Amino acid sequence: ARAEGLNIVFTHHSSASNTFWQAVKKGFDDACEKVQANCQMVFTQTEGSVEQQLANMEAALARKPDALLTSIVDDKAFDGVLDKAVKDGVIVIGVNVDDSQGAEGSARQAFVGQGFRPAGYSLGKAMSEKFPKDGPIKVLVGISAPGQSWSELRGGGVMDFLEDFKKANPGRDITYERIDSGTDLAVTADRVGAYLNAHPDTTAYFDTGFWHAAVARVLKDRGIEPGKVLLGGFDLVPEVVQQMQTGYVQVQVDQQPYMQGFMPVLQVYLAKKAGLSPANIDTGQGIVRPDQADAIMELSKQGLR
Amino acid sequence: MTDPIISVRNLHKWYSGVHALRGVSLDLARNQTVGLIGDNGAGKSTLINILSGLQKQDQGEIYMEGKAAEISGPRDSMRLGIETIYQYNSMVPTMTIARNLFIGREPLKFAVGGFGIIDLKKMRDESVKAIADVDLHLRSPDALVGELSGGQRQGVAIARAMHFKSKVMILDEPTNHLSVKETNKVIGFVRSLKDQNVTGIFISHNMHHVFECCDRIVAMARGQVVLDKLVGDTSIDEVQDVL
Amino acid sequence: MTDPIISVRNLHKWYSGVHALRGVSLDLARNQTVGLIGDNGAGKSTLINILSGLQKQDQGEIYMEGKAAEISGPRDSMRLGIETIYQYNSMVPTMTIARNLFIGREPLKFAVGGFGIIDLKKMRDESVKAIADVDLHLRSPDALVGELSGGQRQGVAIARAMHFKSKVMILDEPTNHLSVKETNKVIGFVRSLKDQNVTGIFISHNMHHVFECCDRIVAMARGQVVLDKLVGDTSIDEVQDVL
Amino acid sequence: MKRFLKVYMEKPELAALLLLVILVAIFQGRSDGIFLSIDNLRGILGILPEMALVAIGVTLLMICGEFDLSVGAVFALMPMSMAVLMAHGTPFLPAMAVGFLVCVVIGFLNGYLTIRFAIPSFITTLGMMFIARSLTVVISGGFPPLLPADLPTWLFTDFVGPGNVIRMSFLWFVGIAVIVSMLLTRTNFGNWVRATGGFFPAAAAMGIPTARVKIVSFILCSMLAGFAGMIQVFRLGSPLPSLGDGMELQAVAAAVIGGASLNGGIGAVLGGIIGAILIRVIDNGLVLSQVDANWFKFAIGFLTIFAVVANAWLRKRARSIKVEI
Amino acid sequence: MKRFLKVYMEKPELAALLLLVILVAIFQGRSDGIFLSIDNLRGILGILPEMALVAIGVTLLMICGEFDLSVGAVFALMPMSMAVLMAHGTPFLPAMAVGFLVCVVIGFLNGYLTIRFAIPSFITTLGMMFIARSLTVVISGGFPPLLPADLPTWLFTDFVGPGNVIRMSFLWFVGIAVIVSMLLTRTNFGNWVRATGGFFPAAAAMGIPTARVKIVSFILCSMLAGFAGMIQVFRLGSPLPSLGDGMELQAVAAAVIGGASLNGGIGAVLGGIIGAILIRVIDNGLVLSQVDANWFKFAIGFLTIFAVVANAWLRKRARSIKVEI
Ligand SMILES: Nc1ncnc2c1ncn2[C@@H]1O[C@H](COP(=O)(O)OP(=O)(O)OP(=O)(O)O)[C@@H](O)[C@H]1O
Ligand SMILES: Nc1ncnc2c1ncn2[C@@H]1O[C@H](COP(=O)(O)OP(=O)(O)OP(=O)(O)O)[C@@H](O)[C@H]1O
Ligand SMILES: [Mg+2]
Ligand SMILES: [Mg+2]
């Protein structure tokens with residue numbers, strides 16, 4: 001693929017064992033093949049490590065690629081490097097996560113994806129349609145990785161919505177709690193399972209990742225029927241789709257990762273070939289509900305969703 | 001003199017930066033007890049470590065009963081019938097006395113391919129006996145070796161070697177740390193080796209002990225053999241002069 | 001007899017499950033050299049470990065020059081003027097001979113509050129001297145202790161103690177592993193302590209050595225003192241009978 | 001009585017057991033009795049075997065004087081290999097055999113490299129952790145295959161027993177624990193493991209085939225980790241490449257809490273198990289006690305240190321009881 | 001010549017240096033000469049001081065016979081404390097003082113608990129890692145505060161030197177490395193550290209205040225980690241609570257690659273630094289060599305093991321050169 005001479009690097013904050021980012025990678029690789037570009041995606045070794053991402057970015061830029069695609073998980077850390085890259089004529093596109101100031105916050109030329117906080121907000125909103133119409137509402141928010149921005153921001157978005165929801169329904173008893181739910185199916189299952197034992201009247205559980213798939217299994221093992229405890233989270237991985245089919249997971253936010261990998265490459269291609277400037281792409285609020293599950297399952301198996 | 005049981009020819013051993021053995025050749029006659037003496041750092045322990053497989057010579061050959069022997073580990077040496085008491089006690093401090101006595105040679109209730117269930121009762125009983133044999137007084141065979149006094153540990157090492165008597169016994173300063181009574185036991189034991197058709201190598205810095213129980217004296221200095229005579233043909237003074 | 005330099009009163013020491021010292025009382029007269037003997041496990045090392053601060057008695061008192069002394073670590077003991085050679089050599093194998101000789105008492109070029117730059121040259125020179133003093137032949141003071149033979153290590157330990165001579169010297173089986181020549185050096189050293197106004201405690205299983213260089217014999221058995229006589233008043237046979 | 005107390009409390013694994021009982025009592029109180037409810041016990045006992053099996057392997061290896069940081073990655077790699085094979089049509093049993101073979105190879109490499117080049121197992125297994133994790137991602141192509149529906153998972157994950165509190169995996173775990181425990185205490189191999197870890201030069205001098213003993217221990221440890229991972233995947237239904245992340249440190253912590261020494265030679269299978277239970281209980285109990293998300297790790301860290309400190313203290317007290325034995 | 005080769009190669013840190021040179025040459029080739037370009041060097045040298053400072057501390061502690069898993073968390077906690085204080089209006093210097101105080105307290109606790117209760121530092125510092133990480137999140141409230149604009153960050157992060165290849169942080173690092181190295185080799189304290197780690201009973205018997213030596217080493221290690229974290233935060237411009245995650249294992253790996261022994265007593269500051277450089281070079285070189293993303297970790301694991309194996313092999317060869325010295 002070297003022949004075309006279009007060099008694109010993609011650096012982000014996640015490690016190779018993260019299924020979501022593997023879907024992005026697939027989109028990225030597929031697009032690169034289509035446009036005959038020489039592409040490289042660089043994962044971090046530690047999930048969510050900004051400093052490793054920055055180091056990878058600096059190393060990749062030393063090769064003077066034509067374009068840099070990157071998630072901008074921190075408002076400041078990447079500013080210097082991105083400024084310099086743009087000055088050196090590298091096309092920089094933000095993917096998946098943008099600077100919280102948007103276009104003002106960093107030198108990136110466009111953004112492809114969807115913000116963490118808005119995603120969390122829309123998850124909460126979509127789920128609220130399933131909330132019981134009366135009686136108290138008790139919500140559990142599982143912060144998968146306290147202190148890591150992707151998790152905190154998504155959780156924050158959910159809680160923002162809950163606050164708004166409270167204001168909108170002043171008469172009702174609405175409470176929420178956050179726990180450290182862990183980034184491992186088994187751990188999340190155990191912790192949330194224990195919590196639900198202590199609080200069987202919990203209305204809904206929000207995970208900031210996809211680890212609530214394991215919670216669905218716990219509920220099933222306990223013979224609790226689907227819908228008694230509402231489950232929702234982020235990213236469409238096969239486990240979650242499976243649990244949507246069984247009815248335990250009600251709402252899932254899909255960022256359409258394949259698209260997040262695919263589109264920026266095309267934009268770079270167009271920018272290079274036709275001088276078209278990259279533009280923002282919203283990869284969708286992507287709220288997925290169980291009725292779409294079967295169709296998604298097929299695509300999911302191919303790594304397209 | 002019959003065929004030697006062990007012959008070493010021109011052994012050389014280098015430690016990084018130290019030439020510890022500089023061409024040692026020696027024949028050990030069957031059923032003879034050799035007293036190996038020499039200054040600190042003469043190379044005595046190095047020589048016997050090579051025979052017991054702890055170290056590998058850099059040059060030279062070892063013959064066992066006339067046949068070239070390749071000793072590349074303690075197991076090989078044991079298989080050839082060499083039993084050793086090392087200068088630094090070879091005990092595992094975190095294990096009990098009974099288990100230490102039988103390390104690597106545990107009595108088994110039944111075994112498949114060398115592995116099996118240890119016969120704990122037999123092990124305990126035999127170790128009580130072995131320890132009593134060297135006149136050592138210990139509370140129980142279940143005490144940890146790490147909790148023994150210096151002499152008690154050495155006593156256990158000796159009990160082990162005496163229990164697993166073999167064709168060739170090598171004792172590297174076995175009487176260090178031992179009380180008078182036990183020292184006498186050890187001397188008596190070494191002296192009795194001959195009668196039991198065992199060849200012995202006894203290292204000690206105590207000339208009296210060496211002359212008391214050995215048939216032949218080999219003195220080493222700076223990695224070489226400097227004297228090799230039968231006890232009858234030499235004297236403590238002569239030996240001390242060479243060193 | 002003048003005031004004793006060290007008195008211990010009714011010392012008891014328990015190891016988990018072992019009553020190692022059962023009420024030991026002893027007075028050490030100034031400038032006298034005591035030979036401490038006893039079977040393996042009698043409690044000799046335990047007694048001197050308490051005096052040198054390695055262990056703490058469970059009961060009993062220690063008086064130093066008449067004053068109650070609280071010894072809760074080797075540092076305290078050293079401060080009181082007690083210098084010890086331990087039965088198990090107290091050398092750091094990963095460090096050089098020179099550094100080992102001066103551990104904790106490094107000669108400093110300059111120091112602030114006890115910390116400072118080591119005077120490496122002085123340290124090397126003094127260690128060459130200290131080692132030569134005990135007739136030990138070593139290649140260089142920069143060799144690692146871990147690469148020495150058993151006797152060489154013991155020799156370094158003795159060189160250290162002799163170099164830092166103090167008010168009281170305790171030697172726990174110092175002649176183990178040592179060659180004849182060096183053993184004689186040590187015996188001579190112990191015998192000379194008196195002339196240098198040093199009180200000594202000498203532990204050994206070799207009665208000849210003890211009688212050769214001590215003024216007084218203390219024998220222990222099962223954690224108690226069973227005999228305490230001046231050398232002139234007793235004999236090797238009597239001592240061996242009590243044990 | 002005093003004597004009994006002394007002998008009992010001097011064993012680190014039993015001191016840990018006492019601690020466990022105390023902690024359970026506290027959590028039972030703080031959670032208004034929910035901690036020991038059938039539902040919650042079912043949760044704890046469901047996940048326990050997986051962690052405990054890993055802890056058993058690591059304990060064995062630590063007694064042998066070595067260290068394995070790759071268990072977490074092997075935990076993921078073994079079931080992933082199986083899942084990928086099965087997704088390509090291999091039947092269950094051959095797939096499982098290949099899975100275990102992978103574990104054996106990794107364990108062997110860990111041991112062989114460590115011994116042959118005399119390098120610390122910390123490094124060998126740290127490297128192996130990266131390698132195994134990477135392979136997990138590579139063979140799955142990034143997308144974990146779904147498990148076929150007709151697997152005999154009931155053999156590992158079905159609930160059994162009175163009140164359905166335990167899963168089949170618990171029986172496997174108990175069986176394996178008993179076997180490994182017997183192996184360590186009653187067989188000559190166990191004696192060699194302990195000697196090799198206790199004082200290597202002595203073990204070597206006594207003719208124990210120390211290299212083989214270590215390599216076998218590494219292999220056993222890897223296989224146990226792989227087996228545990230397989231059980232977890234069957235329970236959760238999906239082989240994620242990120243499974244078992246961070247388990248390596250937890251397993252070592254479990255072994256140490258249960259009294260195993262990082263220097264080798266000391267430890268007991270029971271101790272490792274109790275350590276694993278303690279860690280699970282702490283984790284679960286803290287959720288029930290409604291600790292805030294941000295403080296959760298604090299509480300875990302604190303209680304881990306506390307457990308070991310208390311254990312050390314209890315043993316010290318026991319040692320200073322003056323009874324002749 | 002033979003003699004020189006022998007003496008030189010027997011030092012593990014120098015064998016590591018040779019390896020480093022070889023690796024650099026390989027990467028230089030594979031990256032079409034980009035590896036040693038000014039731009040890339042600037043990248044490597046900009047990050048290096050942070051990791052190397054942590055590695056220096058860990059090496060010191062390992063020589064002393066202990067272990068610190070909490071460095072990664074302290075790396076984040078120290079700058080976070082500073083940032084939070086500064087966000088509340090505390091000026092730079094007092095904030096920095098408090099930051100260091102936090103490090104001192106953590107280091108002290110690590111050491112004190114380890115020694116007072118005779119528990120393995122693995123556990124103390126593992127627990128402390130959780131505690132410190134949790135505190136970082138707690139004080140930041142989950143979201144990092146912004147750094148004030150008027151900080152003297154130039155003191156740590158500005159580019160200096162010919163071609164602007166190095167940052168100020170590099171000078172700090174070199175200075176500290178020289179000081180700690182002198183401390184270890186030339187002062188009596190260094191002698192005590194080495195003795196304490198080399199053979200604890202001997203050090204204690206010779207009257208070295210081993211407890212104090214260890215505690216001071218723990219404190220130094222924590223402070224270096226905190227200082228490194230502060231530099232990184234100034235470089236990045238924002239104090240993230242997740243900084244330094246996974247650094248604890250990397251730092252130990254660096255120390256071991258550079259020849260430090262996990263059993264204590266052996267090691268050199270230079271070795272730890274070369275180890276850290278090796279790790280950075282491998283990381284950077286692999287990115288430049290465009291290794292496939294999924295195989296990336298594999299390559300890291302492989303090269304880490306390879307580095308230590310090669311180092312061990314080189315030393316063995318050197319030892320077997322027969323020259324009397
Ligand atoms: N591991 C080692 N590394 C380097 N040199 C060593 C090593 N072991 C022994 N040496 C050196 O080899 C020489 C011979 O040592 P050896 O232990 O054989 O002496 P020895 O005759 O047993 O002395 P001793 O009577 O003191 O036990 C000594 O100079 C010693 O310093
Ligand atoms: N750490 C320990 N734990 C338990 N018991 C111990 C410990 N150290 C020594 N003992 C026991 O205390 C008793 C006295 O030991 P000590 O070392 O004082 O004897 P010793 O007189 O020096 O003997 P030796 O002549 O053999 O050196 C012995 O029975 C020994 O088993
Ligand atoms: Mg010797
Ligand atoms: Mg003694």
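Chain naming here is simple, since letters A, B, ... match the order of the sequence lines and numbering starts at 1 in each. What you see is a predicted model; the values in this text were computed from it and never measured. These numbers come from the heavy atoms of this one structure, side chains and all, not from hydrogens, waters or symmetry mates.
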Notebook entry, point to check: With a 4.5 Å limit on heavy-atom distance, are the side chains of E:Phe296 and E:Ile300 in contact?
Noted result: yes
Check: Using non-hydrogen atoms only, which part of E:Leu126 is less than 4.5 Å away from chain D: side chain, backbone, both, or neither?
Finding: side chain
Next item on the list: Would you name the heavy atoms of D:Val58 and D:Ala251 that are closest together and state the gap between them?
Entry: CG2-CB, 3.7 Å
Notebook entry, point to check: Between E:Phe302, E:Phe298, E:Trp313, E:Phe306, which has the largest tally of heavy atom pairs under 4.5 Å with chain D?
Noted result: E:Phe298
Next item on the list: With rounding to the nearest 0.5 Å, note down the distance linking CD in D:Glu66 to NZ in D:Lys214.
Entry: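 D:Glu66 atom CD to D:Lys214 atom NZ measures 3.5 Å (nearest 0.5 Å).
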Checklist line | Residue pair E:Ala255 / E:Thr59: nearest heavy atoms and the distance that separates them | finding: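 Looking at all heavy atoms of both residues, the shortest contact is CB-OG1, 3.5 Å.
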Next item on the list: Using a cut-off of under 4.5 Å on heavy-atom pairs, state which of E:Thr304, E:Asn263, E:Leu135 scores highest against chain D.
Entry: E:Leu135
Notebook entry, point to check: Is there a donor-acceptor pair closer than 3.5 Å between any side-chain N or O of D:Asn311 and the backbone N or O of D:Gly259?
Noted result: no
Next item on the list: Decide yes or no for D:Pro241 and D:Met80: does some side-chain heavy atom of the first lie under 4.5 Å from some side-chain heavy atom of the second?
Entry: yes
Check: If you count heavy-atom pairs under 4.5 Å with chain D, which of E:Ile131, E:Thr125, E:Val252 comes out on top?
Finding: E:Ile131
Next item on the list: Sort by residue number and list every member of residues 67-79 of chain E having a non-hydrogen atom under 4.5 Å from chain D.
Entry: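 The list, in residue order, reads E:Phe67.
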Check: Checking D:Leu262 against chain E: side chain, backbone, both or neither under 4.5 Å from a heavy atom?
Finding: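 When you check distances to chain E, only side chain atoms of D:Leu262 fall under 4.5 Å.
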Notebook entry, point to check: Any residues in residues 110-122 of chain D near chain E, with a heavy-atom distance under 4.5 Å, and which are they?
Noted result: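 At a heavy-atom separation under 4.5 Å, chain E is reached by D:Leu113, D:Arg116, D:Phe117, D:Ile119, D:Pro120, D:Phe122.
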Notebook entry, point to check: Is the shortest heavy-atom distance from the side chain of E:Ser81 to the side chain of E:Ile139 under 4.5 Å?
Noted result: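 Yes, side chains in contact.
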Next item on the list: Without swapping roles, check the side chain of D:Ser140 against the backbone of D:Val137 for a donor-acceptor pair under 3.5 Å.
Entry: yes
Notebook entry, point to check: Rounded to the nearest 0.5 Å, how far does CG of E:Leu303 lie from CG of E:Leu23?
Noted result: 6.0 Å
Check: If you round to the nearest 0.5 Å, how far is OG of D:Ser217 from CG of D:Leu61?
Finding: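 So the CG of D:Leu61 and the OG of D:Ser217 are separated by 6.0 Å.
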Next item on the list: Identify the residues of residues 271-289 of chain E whose heavy atoms come closer than 4.5 Å to a heavy atom of chain D, ordered by number, or report 'none'.
Entry: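 Counting heavy atoms that sit under 4.5 Å from chain D, no residue of residues 271-289 of chain E is involved.
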Item checked: Interface moiety of D:Ile123 toward chain E, non-hydrogen atoms closer than 4.5 Å -> both
Check: Can you check whether D:Asn294's main-chain N or O pairs, donor with acceptor, with E:Ser134's side chain at less than 3.5 Å?
Finding: yes
Check: Hey, what do you get for CE (E:Met51) to CE (E:Met247), rounding to the nearest 0.5 Å?
Finding: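 It comes to 6.0 Å.
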Note to self: Listing request: all salt bridge (charged side-chain N to carboxylate O under 4.0 Å, His left out) pairs with a residue in residues 241-258 of chain E, at least two apart in sequence or in separate chains.
What the structure shows: E:Arg133-E:Asp245
Check: What is the minimum heavy-atom distance between D:Phe130 and E:Lys297, and which atoms define it?
Finding: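 Nearest pair, atom of D:Phe130 first, then E:Lys297: CB-O, 3.3 Å.
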Next item on the list: Please flag which part of D:Val256 lies under 4.5 Å from any non-hydrogen atom of chain E: side chain, backbone, both or neither.
Entry: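 Contact with chain E is through the side chain of D:Val256 alone.
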Checklist line | Nearest-0.5 Å distance, NZ of residue E:Lys11 to CZ of residue E:Arg315 | finding: 12.5 Å
Notebook entry, point to check: How many angstroms lie between atom CG of E:Leu109 and atom CD1 of E:Ile215, to the nearest 0.5 angstrom?
Noted result: 9.5 Å
